Each structure stands twice: as structure tokens, then as C-alpha cells.
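Taking it in order: structure first as C-alpha cells, then the write-up.
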Amino acid sequence: MFLMVDVRASGLASIDFAERLLDAEGVCLLPCDAFGPNGVGYLRMSLSVPYERLVETCDRMERFLAGLSS
């Protein structure tokens, strides 16, 4: 039901990544730091939405990531 997204390579803390992603693209993912040391640097993405919505979410995340590297 959930996908754990590793955002450590972005150089941002998971909470910062999540907040910036929400502000920039309207995508809300849950930082996993509260799940313990193994969750640090990861975001939780729910897979309980229609496929088309997941595709749109991934497109938005890709656009956000491209903006980080420029």
C-alpha cells in the first residue's frame, strides 16, 4: 500500500524535501523520520489512489527534482 521514496541523494532532509515538494507541485508525501532511524531520508507515498493519479504524482516529482538540479 505504500512506497518508501529515498530522497537522501537530493541533499535535503526529508521534511524539507516534503515541504518544498508540496509548495512547488502540490504533492504531499509523509516524511518517515518518525518511524525511527531507518526512516530518516525517506518519504512515504500512498499507492491507494487510481493509477492515473500515481502517474501524475510521479511526473510532478520528476519536474520538482529537475528543478533542484538546475
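The shown structure was predicted, so the numbers you read here are calculated from the model rather than taken from an experiment.
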(request) Kindly state each residue pair satisfying salt bridge (charged side-chain N to carboxylate O under 4.0 Å, His left out) with at least one member in residues 38-56, sequence neighbours excluded. (result)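 Every salt bridge (charged side-chain N to carboxylate O under 4.0 Å, His left out) pair that includes a residue of residues 38-56, provided the two are not neighbours, is Glu56-Arg60.
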Distance-only donor-acceptor hits, side chain of residues 22-34, under 3.5 Å, sequence neighbours excluded:
| residue | atom | partner | partner atom | Å |
| --- | --- | --- | --- | --- |
| Glu25 | OE1 | Arg63 | NE | 3.1 |
| Glu25 | OE1 | Arg63 | NH2 | 2.7 |
| Glu25 | OE2 | Arg63 | NE | 3.0 |
| Asp33 | OD1 | Ser14 | OG | 2.3 |

(request) Tell me whether Leu3 is reachable from Val49 by hopping between hydrophobic residues (I, L, V, M, F, W, Y) whose side-chain heavy atoms are closer than 4.5 Å. (result) yes
Other than [X], what residues sit in its cluster of Ile, Leu, Val, Met, Phe, Trp and Tyr side chains whose heavy atoms are under 4.5 Å apart, directly or through others?
X     : value
Met1  : Phe2
Tyr42 : Met4
Val40 : none

(request) State which residues pass salt bridge (charged side-chain N to carboxylate O under 4.0 Å, His left out) with Asp6; sequence neighbours excluded, sorted by chain then number. (result)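 If we apply the salt bridge (charged side-chain N to carboxylate O under 4.0 Å, His left out) test to Asp6, skipping adjacent residues, the hits are Arg8.
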(request) Could you check Val7, Leu21, Leu68 and say which one makes a side-chain contact (heavy atoms from CB on, under 4.5 Å) with Leu12? (result) Leu68
(message) I need the minimum non-hydrogen distance between Leu43 and Ala18, along with the two atoms involved.
(response)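 What the structure gives for the nearest pair is CD2-CB, 3.9 Å.
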(request) Under the side chain to side chain donor-acceptor pair (under 3.5 Å) rule, collect the residues that match up with Asp16, sequence neighbours excluded. (result) none
(request) Sorted by first residue and then second, give each ring-ring contact (aromatic ring centres under 6.0 Å, His included) pair with at least one member in residues 19-39; sequence neighbours left out. (result) none
